[in-house]
Amino acid sequence: MNPFPVHRVSCLLLVFSLVSGGDAGAAPADAPLASEECVEAVPAEPRLLVPELVHPPRRAIWNAPDGGGRNFVVPIVEMGALHGIFWGTAKLLGKPYADISLETMRRNVADGWAWDEDAFATNALGHPYQGSLAYTAARSSGFGFWGSVPFTVASSVLWELFMESETPSTNDLITTSIGGVVLGEVLHRTALAILDEGEPTVARSVLSLLVEPVGGINRYLFGRRRNDFLPVQGNFLQLMAGLTSNVDNYNDIDGTRFDVPNKMEGHLGVEMVYGPPQLTTGDYDQPFDYFTLTARMGFSRDTLTVGFFSRGLLYGDRFKFRSISGLWGLMAGYDFANPNTLRVSTVSLGIGGVAQVPLTSQLTLDVTANMAGVPFGHGGGLTSPESARDYHFGPGAQSAFELGLVRRGVGRVGVSVRNYLISGAFLGEGVELITYATARAELLLAGQHGVALEAFVANRAGEFGSVSDAIRQRATQIRLLWTVSKGSGFGTR
């Protein structure tokens with residue numbers, strides 16, 4: 001319910017590149033390393049200790065098995081340590097839910113589970129991040145994707161039953177488990193890719209540690225496991241920084257419109273494509289061998305807005321039809337966004353794919369589509385009239401469509417539209433329809449550097465209780481960004 005302060009939000013925006021494997025089909029304990037080339041490429045004698053903090057497969061503090069197998073003890077101990085840290089911090093801060101005893105534990109086990117109404121950031125971001133820590137503890141200890149899932153679920157159950165005095169929360173169990181797995185796998189592969197991108201450096205090691213704190217500590221103490229040697233080449237990465245102008249932002253409640261003051265904000269972002277479909281190697285036989293991530297942060301003196309959109313291939317394959325190449329399959333996702341007056345967060349599962357159509361030797365059409373069910377989502381704004389909660393939650397559906405035209409070495413133009421339908425069925429409260437749409441034009445100026453202009457619109461339509469309880473909200477932004485890209489093809493051939 002209130003696992004920890006969510007001031008870590010900005011750390012998520014340091015997610016910068018990618019890699020790892022799954023549990024299914026993992027190598028046995030006596031098998032050779034998954035990639036001998038990967039191991040041999042690492043210097044046998046590190047030049048400095050500091051750059052080697054989280055990079056080495058062979059150097060660690062305690063008898064690293066040099067690409068060894070799974071360790072059950074480490075994630076269990078770390079799970080207990082994380083719970084102790086979260087609970088101890090809450091206790092020091094005087095949080096009522098931290099007043100636990102044997103009696104509260106007995107009552108929680110006996111009375112069962114309920115829906116809670118904690119703050120949006122706590123439920124929609126805090127709990128998934130807490131789940132990702134438990135997941136990456138197992139993942140970096142040699143477990144694959146599916147083998148790490150039970151640790152994530154168990155961590156959530158133990159927290160809800162024994163580390164809080166409040167009634168165990170059903171919604172926290174769902175978001176911590178599902179959101180934690182998706183977010184955890186993205187962060188784990190990202191951290192490994194940062195390490196494997198080039199020679200060890202201080203910045204690379206520190207950045208990887210920030211992206212995946214528990215995994216970074218485990219690699220420092222125990223070395224990298226066999227599941228940590230699955231490098232993927234050709235990933236696309238773009239960093240962004242610039243300014244945002246907010247225009248035409250308003251709330252309309254029962255026909256009465258309230259304009260939100262326009263203002264300028266700073267803007268940081270990162271876009272990644274991991275395991276892009278134009279590659280000629282790899283079978284996408286492990287979950288999240290392909291995923292996309294877009295993370296944004298807007299900030300001013302009195303506001304902080306965050307957008308985090310991730311979607312990965314759980315099971316699927318590549319396809320090729322004449323000159324068209326791509327991939328399709330079952331996709332899992334985790335989204336979180338709170339631009340100005342409205343926000344949404346979902347965990348999703350559905351069918352999706354991406355296709356790349358070469359129009360000329362330098363011009364490529366890039367198409368992405370996804371339709372998914374939402375077992376649990378949050379939707380709302382800063383002014384919901386029905387309760388003290390400023391959001392609603394329940395099941396729903398979502399879709400995503402992206403269309404881009406890429407001129408290799410020159411730039412790209414494109415549009416993306418995301419739709420979210422969130423029902424308040426779990427609490428008997430109405431329905432939300434939220435749409436995020438972005439149009440973008442980008443031009444490369446010199447080498448990896450470029451400039452981009454974006455127009456972003458978010459709309460929310462909510463109906464609650466009687467017909468008169470209607471809300472319409474909009475957030476509109478114009479962004480001017482300086483970009484730094486890895487690769488001139490923007491993820492295309």
Side-chain angles (χ1 to χ4, degrees), residues 5-18 121 124-126 128-129 132 183 186-187 190-191 193-194 197 203-204 206-213 235-247 249 262-274 291-310 334-345 411-412 414 416 418 436-445 447-458 475-487 490-491:
V6 294
H7 60 274
R8 291 176 176 268
V9 165
S10 60
C11 289
L12 296 179
L13 296 168
L14 292 172
V15 178
F16 291 124
S17 293
L18 335 141
L125 180 62
Y129 187 72
S132 76
L183 180 59
V186 169
L187 296 182
T190 297
I194 292 172
E197 184 64 26
R204 198 184 303 282
V206 171
L207 183 57
S208 176
L209 182 65
L210 290 173
V211 169
E212 189 194 12
N235 301 313
F236 171 68
L237 166 69
Q238 183 176 82
L239 308 181
M240 294 163 271
L243 294 174
T244 294
S245 174
N246 290 279
V247 296
N249 298 327
N262 299 327
K263 58 184 175 181
M264 295 291 293
E265 296 178 354
H267 191 90
L268 297 175
V270 59
E271 178 185 346
M272 292 181 288
V273 181
Y274 178 96
F291 70 81
T292 62
L293 168 67
T294 300
R296 302 294 188 98
M297 179 174 69
F299 56 91
S300 64
R301 184 164 56 183
D302 56 350
T303 61
L304 176 66
T305 61
V306 176
F308 186 96
F309 306 93
S310 58
Y334 165 67
D335 292 357
F336 173 92
N338 64 335
N340 294 328
T341 62
L342 55 105
R343 56 261 187 96
V344 68
S345 178
R412 61 175 172 171
S416 68
R418 293 181 173 91
Y436 291 164
T438 303
R440 178 185 179 95
E442 182 174 352
L443 180 66
L444 292 177
L445 299 178
Q448 295 180 316
H449 298 270
V451 63
L453 181 65
E454 290 184 344
F456 168 80
V457 179
T476 307
Q477 298 177 341
I478 303 297
R479 303 166 182 159
L480 182 61
L481 305 172
W482 186 268
T483 65
V484 181
S485 304
K486 175 195 169 189
F490 302 97

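Every heavy atom of this structure was used, including side-chain atoms; hydrogens, water molecules and symmetry mates were not.
Side chains of Arg412 and Arg440 form a contact here, defined as non-hydrogen atoms less than 4.5 Å apart. Here the side chains of Thr305 and Glu265 are in contact, with some heavy-atom distance below 4.5 Å.
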side-chain contact (heavy atoms from CB on, under 4.5 Å) between Ile478 and Leu453, worked out
CA-CA 8 Å; Ile478 303 297; Leu453 181 65; 4.2 Å; yes

Test side-chain contact (heavy atoms from CB on, under 4.5 Å) applied to Met272 and Asn235, step by step:
CA-CA 7 Å; Met272 292 181 288; Asn235 301 313; over 6 Å; no

I would like to know whether Tyr274 and Phe291 meet ring pair (Phe, Tyr, Trp, His ring centres under 6.0 Å); could you show each step before the answer?
CA-CA 5 Å; Tyr274 178 96; Phe291 70 81; 4.8 Å; yes

Check the pair Gln238, Glu442 against side-chain contact (heavy atoms from CB on, under 4.5 Å), reporting the backbone distance first and the verdict last.
CA-CA 12 Å; Gln238 183 176 82; Glu442 182 174 352; 2.5 Å; yes

Just do the side-chain contact (heavy atoms from CB on, under 4.5 Å) check on Tyr334 and Val186 with the steps written out, would you?
CA-CA 10 Å; Tyr334 165 67; Val186 169; over 6 Å; no

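The CE atom of Met297 lies 4.5 Å from the CG atom of Leu268; values are rounded to the nearest 0.5 Å. Between the CH2 atom of Trp482 and the CG atom of Leu239 there is a distance of 13.5 Å, given to the nearest 0.5 Å. Atom OH of Tyr129 and atom CZ of Phe336 lie 14.0 Å apart (nearest 0.5 Å). To the nearest 0.5 Å, atom CZ of residue Arg479 and atom CG of residue Asn246 are 9.0 Å apart.
A donor-acceptor distance shorter than 3.5 angstrom exists from the side chain of Ser208 to the backbone of Ala191, with no hydrogens or angles considered. Of the possible polar contacts, one joining the Asn338 side chain to the Val306 backbone as a donor-acceptor pair under 3.5 Å is found. Distance alone, capped at 3.5 Å, is enough to place a donor-acceptor pair between the Gln448 side chain and the Ser485 backbone.
Pairing each heavy atom of Asp335 with each of Ser310, the nearest pair is OD1-N, 3.4 Å. Shown here for Arg296 and Leu481, the closest heavy-atom pair between the two residues is NH1-CD1, 4.2 Å. The two residues Tyr436 and Arg343 make their nearest non-hydrogen contact at OH-CA, 3.8 Å. Nearest approach of Leu304 to Phe299, heavy atoms of both residues: CD1-CB, 4.2 Å.
In this view, Thr244 and His267 satisfy the side-chain hydrogen bond (donor to acceptor under 3.5 Å, both in side chains) rule, not counting sequence neighbours. In this structure Phe309 satisfies the ring pair (Phe, Tyr, Trp, His ring centres under 6.0 Å) test with no other residue, sequence neighbours excluded.
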